Amino acid sequence: MKRRTFLSTSVLAAAPPADAAPAAKPALVTRIRRLNLRHTWTTVMSSSQYRDTFFVEYSRDGITGIGEGAPIIRYQESAETNRRAIESIRAWLLEQRPEAFVPLMNQVFRRIEGQFAAKAALDIALLDWNAQKLGVPLWRMFGLDPAAAPLTTFSIGIDKAGVIRQKVREAEEFPVLKIKVGLDNDEEVIAAVRSVTKKPLRVDANEGFRTKEEAVAKINWLEKQGVEFIEQPLPAANLEDMNWIRKRVHIPVIADEACLHPQDIPRLAPYFDGVNVKVDKCGGLLEAKRMIEIARSLGLKVMLGCMVSSSVAITAAAHLSPLVDYADLDGNLLIANDPYEGVRVDRGRLILPDRPGLGLRPRPA
Ligand code: MG
């Protein structure tokens, strides 16, 4: 066969049948949604009635993957800066092969500085797209056992005693509660909780204790109140006081604000019993999985936490939850206008969807 004849024949052979639909062009939609909180949410850091989170919808071959990230103000992120970050790489992104999501996300990390909630939204959308394309739930793509998903805590924000009692009653189906402490009214808050329930508690000080002596006194008092572990008693930068504290308390101390990215964990390992991994802090499920593996290799406990967000981000994190000791994935339960449903909770146990991808469905009106 002459070369010219061969080329033209092979092109003909490769051409799609005349009745096949033309390959759909990939599409990318970025959007910001305002999520309304059921209760005003107060921690040491802030008080608010709504949160704006950032969404990415990636479509190709008739499949749409959805992702969400909750921007953290402390790290100079907003839903708008998240959106600008993804829009800045739009043209490049639409030329990439989504199937190779690992090198693709590595490139995204090189192209975008900071803006980890934006990266998380994109990473989740790409993983949702890929798992749907393969026709498997995301936990299956990670090789995990959904039956190993842990209990999740339900968080009770700082509030007046009467409201706290009401929130604890509303959380009746959750066997373990997470309580925010670190303000001047910790005794009042815990007393209000204990007046209505004997459940085990986990507490988060959000860097709220002012001295190592206060931290030790509070932690030992909290242990007597049935608290299983405490998150971030001191400011993130204060590591030198952590060993002094840990020699004087018995419950595990978990790093949250001190632990943002995989490279933080080896430095923190001598000072904490565990780390709180959050998809929005680190920039997606691939980074979160890397953090879980590094923490495990250093003998640390792993908690999977979340920000206030819709079922998109919470379901995404839940797909990794069979890898961790403790889950705190209730951010979607705190909002009144969740646009989706995905992971469910049954008496505190996370129930992962068995539909392809994240397994999201629009929430019926
Ligand atoms: Mg925390």
Side-chain angles (χ1 to χ4, degrees), residues 37 39 41-48 51 53 69-75 77 116-117 120 150-159 164 167 171 174 176-183 186 189-190 193 200-210 215 218-219 222 227-239 242 245-246 249 251-261 264-265 268 271-283 287-288 291-292 295 300-309 313-314 317-318 320-321 324-334:
L37 292 161
H39 290 284
W41 182 247
T42 305
T43 70
V44 167
M45 285 174 275
S46 64
S47 185
S48 57
R51 292 291 164 83
T53 65
I72 304 175
I73 298 166
R74 173 182 182 147
Y75 309 122
E77 294 189 31
F116 291 96
L151 291 172
T152 179
T153 45
F154 184 82
S155 298
I156 308 291
I158 293 171
D159 221 313
I164 289 175
K167 288 178 178 177
F174 292 86
V176 187
L177 299 178
K178 173 168 157 175
I179 313 292
K180 296 281 190 180
V181 297
L183 293 182
D186 290 347
V189 168
I190 298 294
V193 173
L201 305 177
R202 297 169 185 173
V203 300
D204 189 353
N206 287 121
E207 314 177 281
F209 299 146
R210 276 156 294 207
K218 282 277 181 70
I219 294 169
L222 287 163
V227 166
E228 293 181 334
F229 66 74
I230 181 157
E231 274 177 68
Q232 198 69 48
L234 295 179
N238 186 348
L239 289 184
M242 286 308 305
I245 292 173
R246 280 174 69 229
V249 303
I251 58 175
V253 184
I254 309 280
D256 183 358
E257 283 82 352
C259 182
L260 310 180
H261 303 292
D264 296 328
I265 300 177
L268 297 171
Y271 299 99
F272 288 91
D273 301 290
V275 291
N276 185 350
V277 173
K278 288 181 185 159
V279 174
D280 316 80
K281 282 193 301 191
C282 67
E287 284 289 280
M291 290 181 78
I292 294 167
L300 294 169
K301 294 275 187 196
V302 184
M303 170 177 181
L304 194 55
C306 68
M307 306 301 294
V308 173
S309 47
I314 301 302
L320 284 184
S321 71
V324 306
D325 302 294
Y326 313 115
D328 177 31
L329 297 177
D330 63 348
N332 56 334
L333 306 175
L334 304 175

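Read the numbers this way: they start at 1 and go in the same order the structure lists the ligands and their atoms. Computation of the quantities below employed the complete heavy-atom set of this structure, encompassing side-chain atoms and omitting hydrogens, waters and symmetry-equivalent molecules. Here the structure is a predicted model, which is why all the values come from computation and not from measurement. Throughout, numbering of the chain's residues begins at 1 and tracks the sequence.
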> For the residue pair Met307 and Ile314, what are the closest heavy atoms and their distance?
Replying inline: O-CD1, 4.0 Å
> Looking only at heavy atoms, what is the nearest atom pair of Phe209 and Asp186, with distance?
Replying inline: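 Phe209 and Asp186 have their closest heavy atoms at CE2-OD2, 3.6 Å.
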> What pairs with Ala317 under side-chain contact (heavy atoms from CB on, under 4.5 Å), at least two apart in sequence or on another chain?
Replying inline: Val279, Leu304, Leu329
>> Restricting to salt bridge (Lys or Arg N to Asp or Glu O under 4.0 Å), what partner residues turn up for Lys301, sequence neighbours left out?
In response: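 Salt bridge (Lys or Arg N to Asp or Glu O under 4.0 Å) check on Lys301 returns nothing, list empty.
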> In chain order, what residues pass the salt bridge (Lys or Arg N to Asp or Glu O under 4.0 Å) check against Glu77, with sequence neighbours excluded?
Replying inline: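 In terms of salt bridge (Lys or Arg N to Asp or Glu O under 4.0 Å), with neighbours along the sequence ignored, Glu77 is linked to no residue.
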> Which protein N, O or S atoms does the Mg ion (ligand 1) have within a distance shorter than 2.8 Å?
Replying inline: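 Metal shell, protein only: Asp204 OD2, Glu231 OE1, Asp256 OD2.
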> Which value, rounded to the nearest 0.5 Å, describes the distance between Arg246 atom CZ and Asp273 atom CG?
Replying inline: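 If I round to the nearest 0.5 Å, the distance is 4.0 Å.
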